[in-house]
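Here is the structure we will look at.
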Amino acid sequence: MRFSEHPAAGWAACVFVWVYIGTFAFSIACVNWVMPSEMFPPATRGKAVGVAIAANYLSNFIVALITPWMLQSITFGTFYFFLVFSITLGVWTYFCVPETNGVPIEEMDTLFGGNEGEADLQRITSIWARLGFETSEDRKMVLEETKHDSVEHRANA
């Protein structure tokens with residue numbers, strides 16, 4: 001089928017691809033990179049994020065592998081399949097992924113049902129105390145300075 005012979009179908013296919021990319025971009029595309037880095041406690045974060053990214057690449061490989069087959073066997077239905085899948089993922093992201101704005105990274109796993117972050121926070125507090133930062137005000141001051149330096153670094157980059 002050529003685009004010039006069926007312009008309406010061609011434009012419909014283009015629109016479905018654009019809708020798929022648009023809904024995928026604001027839903028699961030960013031969530032599967034951000035969520036693993038926030039939901040695991042510091043002690044296991046590196047390994048867990050590695051496994052999550054590997055699963056992401058495997059999923060992308062599977063989509064790339066089956067899409068040509070789907071286009072040959074169910075033709076235009078492929079676009080409906082991905083549209084429904086994207087809408088479902090968008091709804092899931094909106095309703096099921098907790099807001100993490102303002103939650104310290106050490107407490108993040110409690111939003112996802114874990115409790116290892118508390119043990120990590122106690123270890124961090126112990127380290128702060130050994131370094132001589134006895135009060136929470138001392139720690140807040142250092143954290144604010146670090147945060148300020150980080151923002152400045154990003155602004156200058």
Side-chain angles (χ1 to χ4, degrees), residues 1-121 124 139-140 142-157:
M1 182 182 341
R2 298 188 188 278
F3 189 89
S4 60
E5 295 172 5
H6 304 281
W11 280 112
C14 289
V15 167
F16 279 124
V17 169
W18 294 331
V19 168
Y20 170 74
I21 291 170
T23 56
F24 184 81
F26 79 82
S27 63
I28 202 69
C30 56
V31 171
N32 61 11
W33 287 92
V34 174
M35 211 164 121
S37 67
E38 292 182 342
M39 70 189 288
F40 295 105
T44 58
R45 185 172 298 134
K47 291 176 184 146
V49 169
V51 170
I53 290 171
N56 180 32
Y57 279 118
L58 179 63
S59 300
N60 290 337
F61 174 73
I62 291 169
V63 168
L65 193 64
I66 67 168
T67 299
W69 174 82
M70 289 174 69
L71 285 169
Q72 284 182 350
S73 61
I74 59 175
T75 62
F76 202 71
T78 304
F79 299 106
Y80 289 119
F81 172 79
F82 286 121
L83 176 67
V84 169
F85 199 75
S86 292
I87 290 171
T88 303
L89 288 173
V91 170
W92 175 81
T93 301
Y94 185 79
F95 289 109
C96 298
V97 176
E99 177 59 51
T100 59
N101 187 21
V103 179
I105 195 75
E106 294 82 13
E107 298 173 13
M108 197 67 67
D109 67 329
T110 57
L111 288 176
F112 297 98
N115 62 359
E116 291 179 27
E118 188 175 327
D120 287 341
L121 186 57
I124 290 169
R139 290 190 289 270
K140 284 181 186 176
V142 171
L143 291 173
E144 286 300 318
E145 287 176 6
T146 305
K147 186 177 176 182
H148 178 70
D149 291 345
S150 175
V151 169
E152 281 183 359
H153 177 71
R154 276 189 249 135
N156 293 333

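Source: prediction; values computed, not measured.
Within 6.0 Å of CZ in Phe85 there are 12 or fewer heavy atoms belonging to other residues, nucleotides or ligands.
Taking CZ from Phe16 and CZ from Phe81, the interatomic distance works out to 14.5 Å, rounded to the nearest 0.5 Å. The CZ atom of Phe82 sits 3.5 Å away from the OG1 atom of Thr67 when rounded to the nearest 0.5 Å.
The six-membered or imidazole ring of Tyr57 lies away from that of Phe61, with a centre-to-centre distance of 6.0 Å or more. Between Phe76 and Phe79, the ring centre distance stays below 6.0 Å.
A donor-acceptor pair under 3.5 Å is absent between the side-chain atoms of Thr75 and the main chain of Gln72, judged by distance alone. A donor-acceptor pair under 3.5 Å is formed between the side chain of Ser37 and the backbone N or O of Val34.
Nearest heavy atom pair, residue Leu71 against residue Thr78, reads N-OG1, 3.4 Å.
Remark: of the listed residues Val63, Asn56, Leu58, Asn56 is the sole one forming a side chain to side chain contact (heavy atoms under 4.5 Å, CB included) with Asn60.
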